[in-house]
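Worksheet: the structure to be examined is printed underneath.
The structure presented is a predicted model; accordingly, all values stated were derived computationally and were not measured.
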Amino acid sequence: MSLRDLEQIQHDVVEPRSRALLAEVVKCYEGGAHRAALVSLWIAVVADLTSKVRYLAESGDGEAAKVIEDLDRARENQVVRKVQEYERNILDTAEQRLGVLLARERLELERLNEDRNLCAHPGYVDEVELFVPDAEAVRAHLVAAHRAVFSQRPLAGKRLLVTLEVEMKGESWPSDGEYFLDRFFRHARETVQANMAKLLIKHSLAPPEGSDTVAQRARSSMKVIAGESPAVFESGLRSVLHRWEEAGSLVDSALVRALGAYGSSSTFGSALPGTGKSRLVALLRRCDVDMLIEERFFVSGVPSDELLAASFVEIVSGLSAEQARKAIGQSESRRPFVRSTIFHVKNSPNFRGAETSLRLVELCSAHLEHQDVVHLRQAIQENPHDQVRLAGGTEAILSSIYSASSPTADTREEWRALARWLHERGVEKNDEFYLYDDLKTLVEADQ
């Protein structure tokens with residue numbers, strides 16, 4: 001084990017007091033005092049586990065509180081036998097009663113305790129054959145203890161999930177994904193990470209008390225997990241969807257939410273049961289659009305599955321202006337709505353409708369491409385009865401769209417063509433209030 005590895009192990013220790021104890025272990029190891037290193041390592045393990053149990057007790061865990069109460073009473077009354085009994089049972093307590101250790105981790109730490117006893121109690125073996133641990137044995141025990149105890153947060157799996165649920169419902173939940181990773185995910189054991197993913201997926205599909213806020217936070221956290229650990233994301237999604245389908249719990253609303261939350265992921269198609277996909281395809285052909293909006297169907301954008309993507313595009317093309325506004329508002333990907341919003345501009349029936357439609361385009365400003373500006377210009381020019389050009393708010397909205405769209409050289413030329421047409425049309429019609437001078441100045445000044 002290199003010096004760098006030892007430094008990293010000490011750096012990863014969560015409990016500051018345990019870090020000092022582990023430093024003693026490292027000094028013994030580096031000095032070749034391997035018996036002392038194992039004895040000190042066991043002391044550090046017991047001390048660290050005890051600090052975790054005490055933390056759980058202070059956090060409201062009743063079982064942990066009982067353990068600490070018994071330990072403190074024995075210490076106060078100087079009942080040595082009880083304190084020794086606590087140490088003998090610490091691994092059982094941590095695994096069976098509190099869930100702080102996994103069964104495999106307990107076995108590894110039991111081996112450490114056995115070797116520690118051989119080092120600390122020479123009477124256990126023949127004095128001629130005293131147990132002499134080599135450097136490799138010390139390294140193995142040190143790594144096992146670090147993974148199972150020192151690097152773990154002082155929260156049992158169940159307690160960690162309860163804390164996550166409580167925080168997601170509160171007002172202080174940060175939007176930064178790093179918070180979720182650092183506080184809950186990265187330091188959790190693999191089994192806890194898996195259970196955490198399943199919990200988040202369930203809350204995103206069927207949020208407690210119907211809370212869209214919790215659903216959104218759960219989905220955002222799963223998106224972070226997908227980037228940090230794709231295997232955990234895919235396994236969790238597959239597990240929940242398949243179990244819900246088998247149990248009859250993957251109802252229409254859950255199917256829609258699942259597609260809206262995770263449909264853009266490349267793994268969604270394989271994670272969704274075949275029967276679930278068949279029902280989802282049929283549902284999208286005949287369901288009410290307002291239901292889709294309510295169940296946040298549009299959140300992640302176009303699905304990765306080709307068949308579902310075709311349904312998505314068809315649904316977007318048929319949205320009313322009000323439905324489009326709501327769908328765009330909940331979507332993380334506004335590009336799919338551009339063509340539909342420009343279509344609404346072209347078919348605006350009156351001045352108010354023209355402004356409403358342009359506001360939809362404005363919501364998608366950052367996603368406009370060159371051809372979209374061409375289509376927008378054509379839509380305004382081809383609108384029946386000149387409703388868009390003569391709407392009172394058109395110039396201000398177009399100026400806003402231009403300013404927010406980061407146009408390329410070709411796109412800027414299209415904007416100039418639109419501004420010139422609007423100006424010339426106003427001159428031609430003697431519409432002194434619709435000359436679009438401000439828009440023309442804006443787009444021509446941007447070189």
Legend entry - Asp290/Lys326 ion pair, N-O < 4.0 Å: no

Legend entry - Side-chain heavy-atom pair Asp70, Lys66 within 4.5 angstrom cut-off: yes

Legend entry - Sidechain N-carboxylate O distance under 4.0 Å for Asp48, Arg17: no

Legend entry - Pair Arg238 + Glu234: basic N to acidic O under 4.0 Å: yes

Legend entry - Residue that, paired with Glu362, satisfies side-chain hydrogen bond (donor to acceptor under 3.5 Å, both in side chains) out of Ser400, Ser405, Ser357: Ser400

Inset, instruction - For the residue pair Thr50 and Tyr86, confirm or rule out a side-chain donor-acceptor distance under 3.5 Å. - result: yes

Legend entry - Donor-acceptor side-chain pairing of Ser399 and Glu395 below 3.5 angstrom: no

Inset, instruction - Give a yes or no on whether the backbone of Ala137 and the side-chain of Asp134 come within a donor-acceptor separation of less than 3.5 Å. - result: yes

Legend entry - From NZ (Lys169) to OG (Ser211), nearest 0.5 Å: 9.0 Å

Legend entry - Separation between OG1 of Thr356 and CZ of Arg325, rounded to the nearest 0.5 Å: 9.5 Å

Legend entry - Any donor-acceptor pair under 3.5 Å from Glu15 side chain to Ser51 backbone: no

Legend entry - Note: Asp212-Arg217 ion pair, threshold 4.0 Å (strictly below): no

Legend entry - side-chain contact (heavy atoms from CB on, under 4.5 Å) assessment of Leu376 paired with Trp415: CA-CA 10 Å; Leu376 178 60; Trp415 277 102; 4.2 Å; yes

Inset, instruction - Measure the shortest side-chain to side-chain distance between Leu259 and Pro303 over non-hydrogen atoms and say whether it is less than 4.5 angstrom. - result: yes

Legend entry - Side-chain donor-acceptor contact under 3.5 Å, Tyr402 with Ser365: no

Legend entry - Sidechain-backbone polar pair: Thr341 side chain, Phe337 backbone, donor-acceptor under 3.5 Å: yes

Legend entry - Closest non-hydrogen atom pair between Ser239 and Lys198, with its separation: OG-CE, 3.6 Å

Legend entry - Any donor-acceptor pair under 3.5 Å from Asn347 side chain to Asn383 backbone: no

Legend entry - Within-4.5 Å side-chain heavy-atom neighbours: Leu164 and Leu200: yes

Legend entry - Arg219 vs His203 side-chain heavy atoms within contact, under 4.5 Å: no

Inset, instruction - Using a strict 4.0 Å threshold on nitrogen-to-oxygen distance, state whether Glu444 and Arg416 make a salt bridge. - result: no

Legend entry - Separation between CZ of Phe185 and OG of Ser221, rounded to the nearest 0.5 Å: 10.5 Å

Inset, instruction - Step through the shown structure and confirm whether more than 12 heavy atoms of other residues, nucleotides or ligands are within 6.0 Å of CZ on Arg339. - result: no

Inset, instruction - Indicate the atoms forming the closest heavy-atom contact of Pro407 with Arg412, along with that distance. - result: O-NH1, 3.0 Å

Legend entry - Contact summary for Ala148 and Leu101, nearest pair of heavy atoms: O-CD2, 3.7 Å

Legend entry - Residues Ser172 and Glu167: side-chain donor-acceptor under 3.5 angstrom: no

Inset, instruction - Consider only side-chain N and O atoms of Tyr29 and Arg139, and report whether a donor and an acceptor are under 3.5 Å apart. - result: yes

Inset, instruction - Determine the minimum heavy-atom distance between Leu255 and Arg279, stating which atoms define it. - result: CD1-NH1, 3.4 Å

Inset, instruction - Using modelled atom types only, decide if a donor and an acceptor are shared between the side chain of Ser300 and the backbone of Gly260 within a distance under 3.5 Å. - result: yes

Legend entry - Salt-bridge contact Arg116-Glu110 (side-chain N to carboxylate O under 4.0 Å): no

Legend entry - Leu237 side chain near Leu272 side chain, heavy-atom distance below 4.5 Å: no

Legend entry - Donor-acceptor pair, side chain of Tyr262 and main chain of Ile201, under 3.5 angstrom: no

Inset, instruction - Using distance alone, with no hydrogens and no angle criterion, decide if Glu87 and Trp42 have a side-chain donor and acceptor under 3.5 Å apart. - result: yes

Legend entry - Electrostatic pair Glu314-Arg285, nearest N-O below 4.0 angstrom: no

Legend entry - Between CZ on residue Phe184 and CG on residue Leu161, distance to nearest 0.5 Å: 9.5 Å

Inset, instruction - Report yes or no: does Gln323 contribute a side-chain atom to a donor-acceptor pair with the main-chain N or O of Val289 at less than 3.5 Å? - result: no

Legend entry - Glu190, CD: over 12 other non-hydrogen atoms inside 6.0 angstrom: no

Inset, instruction - Run through Val443, Leu439, Leu442, Asp438 and flag the one making a side chain to side chain contact (heavy atoms under 4.5 Å, CB included) with Leu398. - result: Leu439

Legend entry - Within 6.0 angstrom of Glu136 CD, more than 12 heavy atoms from elsewhere: no

Inset, instruction - Take Lys52 and Gln152 through the test side-chain contact (heavy atoms from CB on, under 4.5 Å) and record every step on the way to the result. - result: CA-CA 9 Å; Lys52 286 177 167 55; Gln152 300 299 323; 4.1 Å; yes

Legend entry - Glu105 and Arg147 ion-paired at < 4.0 Å: no

Inset, instruction - Determine whether the side chains of Thr267 and Ser265 contain a donor N or O and an acceptor N or O closer than 3.5 Å. - result: yes

Inset, instruction - Can you see which heavy atom on Leu241 is nearest to which on Pro273, and at what distance? - result: O-CG, 3.7 Å

Inset, instruction - Report yes or no: does Ser229 contribute a side-chain atom to a donor-acceptor pair with the main-chain N or O of Ile225 at less than 3.5 Å? - result: no

Legend entry - Side-chain touch Leu22/Leu41, heavy atoms, less than 4.5 angstrom: yes

Legend entry - Ion pair Asp386/Arg425, N-O distance below 4.0 Å: yes

Inset, instruction - Mark yes or no for whether Gln387, through its side chain, and Phe351, through its backbone, hold a donor-acceptor pair below 3.5 Å. - result: yes

Inset, instruction - Please report the shortest heavy-atom distance between Val240 and Lys202, naming the atom on each side. - result: CG1-CG, 4.1 Å

Inset, instruction - Supply the atom-to-atom distance Glu95 CD to Ile90 CD1, rounded to the nearest 0.5 angstrom. - result: 12.0 Å

Inset, instruction - Decide if atom CZ of Arg352 counts as having more than 12 heavy atoms of other residues, nucleotides or ligands within a radius under 6.0 Å. - result: no

Inset, instruction - Flag the pair Arg257 and Glu294 as a salt bridge only when some basic side-chain nitrogen lies within less than 4.0 angstrom of an acidic carboxylate oxygen. - result: no

Legend entry - His367 NE2 to Ser406 OG distance, which is reported to the nearest 0.5 Å: 11.0 Å

Inset, instruction - Please step through side-chain contact (heavy atoms from CB on, under 4.5 Å) for the pair Arg420 and Tyr436, ending with a clear verdict. - result: CA-CA 8 Å; Arg420 285 195 297 268; Tyr436 287 83; over 6 Å; no

Legend entry - Residues Asp372 and Arg335 bridged, charged N to O under 4.0 Å: yes

Inset, instruction - Evaluate the side-chain proximity of Met196 to Phe180: yes if any heavy-atom separation is below 4.5 Å, no if none is. - result: yes

Inset, instruction - Report the C-alpha distance between Phe298 and Ile293 in whole Å, list the side-chain angles of each, state the deciding distance to 0.1 Å, and finish with yes or no for side-chain contact (heavy atoms from CB on, under 4.5 Å). - result: CA-CA 7 Å; Phe298 299 96; Ile293 293 174; 3.7 Å; yes

Inset, instruction - Check for a donor-acceptor pair, side chain of Ser340 on one end and backbone N or O of Val316 on the other, with a separation under 3.5 Å. - result: yes

Inset, instruction - State, without any angle test, whether His141 and Glu108 hold a side-chain donor-acceptor pair at a distance under 3.5 Å. - result: no

